[in-house]
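Notes for the one structure printed next.
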Amino acid sequence: MKRVFEIALGILTAIGGFVDIGELVAGSQVGSRFGMNLAWATLLSLFGIVVFAEIAGRVAAVSQRPVFDLVRERLGPRFGLANLLASLVITLATVAAEIGGVALTLELATSINYLLWVPVVAFLVWVVVWKLNFEVMENAFGLSGLALVVTGIAVWQLRPDWGNVAHQVLHPAKPGTESVASYFYYAIALFGAGLMPYEVFFFSSGAIEQHWAKRDLPVLRANVFIGFPLGAAVTLSLMLGASLVLGPRQIDVGHLYQAALPTSVALGKWALIVVLLGFFACTFGAALETTLACGYSIAQYFGWQWGKFVAPKDDARFHLSLILTLVAAAAVLLSRADPVKLTEFVIVLSAAALPLTYFPVLVVANDPEYMGVKTNTPVSNALGVAFLVLLLVVSVAAVPLMIITKAGG
Amino acid sequence: MRLSDLLERAVVDQHGRNWGQVHDVYLVQDGPVSATAAAFRIHGLIAGRGTFGTQLGYVGRPGYEHDQETRGPWVLKALVRRLQRRAVYVPWTDVVEVGDHQVIVRSPPNGFDRANSGAPSSP
Amino acid sequence: MSAAGRELWARLHLLDRPILDAEGIPSAKVDDLEFSLPEEPDGLPILTAVLCGNAALARRFNRRLAQRLELLRRVFVPVERPGPARIDMSEVKHIGPALHITPRRHELEVATLDRWLARNVLAHLPGSGIDARSDDAPQ
Amino acid sequence: MDSALNSDLLLIEAVSRGHTTAAYVSVASSQAEDSASGAASTFRSIQPPDHRSEVLRSDLGDLLEQAENSLADTRIAGRRGDHDALVSTRRELEQVAKKLRAFADQHG
């Protein structure tokens, strides 16, 4: 019984780990503008994160080496530093977006302006990482996974024409009112939302900290192959809800409250409260993860101690980098950067930066010095290379599309 | 001397011929034995054009057998191997001087051996 | 270190690898290697130490920057001549995918900045668990 | 502008069925107004190229002002938590939305 409970908790945590501010914003926006015609992009990002997380998790479990450690070792200090800076800028902006998401959710719950919540939330995140009450994070994710199931119930209640939904998913077409450029721009946004770089380096770092070994690989695979797909299902529910409720009324999603509107319309006040709780929990959990991911990437580059259980006295530099991360993120938000706009930028840039971290991991997964007999099989290499090519295409296309469409237009 | 004094330095011989940059340095644990273990000594270096990909581990080297190489993906492996196919092995006994901007070597009449062609001649 | 006669490629197998202390905790990176030049004319250079820390790393980017950092280091560490932090090869226990060393991380020269930050910055925050007046760091 | 009006109309629909909380309505209606006034001020900053478009521009300007006023009424009612007043702004919003749509249809 305890075992079943643990697995269930693990799955809920993985759902919450997949869904963050990126999915809340991009899923709803896309649903409203494109119906389910871009569901393939979320499915593609699901495929991507499964391939990437499986490789990174296996490398971490077998070699005990986290991603940024490998980035520097394999790409050298110069390219590694450029890579670190690019990832840091993006992850830092993600921290700001997630903290903004928490603050906006608190605003919706209390009607106190989100700017007043920003310092409070940043402080709370710091307290959690400082005092290492790490269960808070896992519980936040578990809670958000559970609460966000309500979006699925809402969709069910809205009674969509399932035949039409299936048609849009399987035979996607660009809606006549949208340009080709914005269609693909949003495809990249959804793809990036599902595959933010921090997710993978957090995942693999976690595997090392919890001393995963070869024997834990089945558990790793269960997490990846069950939790992430359910997270994608939540994203698709948000998208479908938006396409049923917001799309027909030509409502463009520019605010977080609109992401909760379909659930509220379909199921009522309590569902609204539950879905806001879900928003809070998944953005708060992601704020913790992204903050730590910033610290991890710096520490792994320079060879410092890092981890959820590292106390301030164990590594001052690591803790100082966490503090600076939170201060910078709060400063970005307090300079009145719109968290929703920030999210839109971050997810597209995340997609553009993916090859930087993916490439070294793919190479090390083939190195017998680290992996022994667990090197990539030809099948996982074929998938891995196909995915690398896809990432390169996305990476090259992302910024030009952002310029052409004026970030979505 | 530091490793960074060697890596990516230009390698030039007595005739002024440029052999490329230093890719990597070959260490063998055959030095004087101290309290704990024998010391590593520099036996030679690899020089060639374009150090891209040296740290990826795709290219076979003396003392670094075929089964230790990074296996794939083969596209990348083929690319790096092609880029580094002309790299040569320079025994340390042929190194004349490690200067600020270049490493001066004395090349044998037939030039240096290709780096990926079998074992180095022991000093 | 164990078996003699091992062969390694300095860049491929040593450089940029993590250094783990006596307890297996990440302590630094192999930022550079130090060799002593042989006395006899035909001798080979001997690997004497692993260099680590910001000053050592900076040298791989820019020599002038590295010199400044080496000088700056003397503000924190009382060494006779400027240079990066080093770990003597006699303290290296095992070379694998990571370098295992015998000292503990807090005893390393490279941890000086960390100790300084702990005592002068973080110790002032509530709940840090750091005693600002502890003597385990140099004055 | 359309999006903000429709968003408020949907919100009012949810309010009238008791599907929302007071804080949510208050924040949602003020954010809808914000995005509308953002859109309106962008429009006002564009200089019309000729006389004909100047006439068009002033017509649309009037409509936008009406829309902004209606959205403000909704926001005020939402902030006060006044259910009846909020629901009664629906007609106002619907009318403006209809006029805007008609304008768009007429002038492409």
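- The distance from atom CG of Leu246(A) to atom OG of Ser7(D), rounded to the nearest 0.5 Å, is 7.5 Å.
- Side-chain atoms of His19(D) never come within 3.5 Å of backbone atoms of Lys269(A) as a donor-acceptor pair (strictly under, hydrogens ignored).
- Among all heavy-atom pairs drawn from Gln31(D) and His255(A), the shortest one is O-NE2, 3.2 Å.
- Side-chain N/O atoms of Ser3(D) and Gln250(A) include no donor and acceptor closer than 3.5 Å.
- When atom types are taken as modelled, the side chain of Ser26(D) and the backbone of Ser111(A) share no donor-acceptor pair closer than 3.5 angstrom.
- Contacts between Ile273(A) and chain D at a heavy-atom distance below 4.5 Å involve the side chain alone, from C-beta outward.
- Both the backbone and the side chain of Ala260(A) come within contact range of chain D, judged by heavy atoms closer than 4.5 Å.
- Counting non-hydrogen atoms of neighbouring residues, nucleotides and ligands closer than 6.0 angstrom, the NZ atom of Lys174(A) exceeds 12 such neighbours.
- Taken to the nearest 0.5 Å, the CG atom of Leu5(D) stands 10.0 Å off from the CD1 atom of Ile251(A).
- Contact count versus chain D (heavy atoms, under 4.5 Å) is highest, among Ser32(A), Ala271(A), Ser264(A), for Ser264(A).
- The minimum heavy-atom distance between Leu272(A) and Thr21(D), with the atom names listed, is CD2-N, 3.8 Å.
- For chain A, no part of Ala97(D) is nearby; none of its heavy atoms comes within less than 4.5 Å.
- Although no hydrogens or angles enter the test, the distance criterion places no donor-acceptor pair under 3.5 Å between the side chain of Tyr24(D) and the main chain of Ala109(A).
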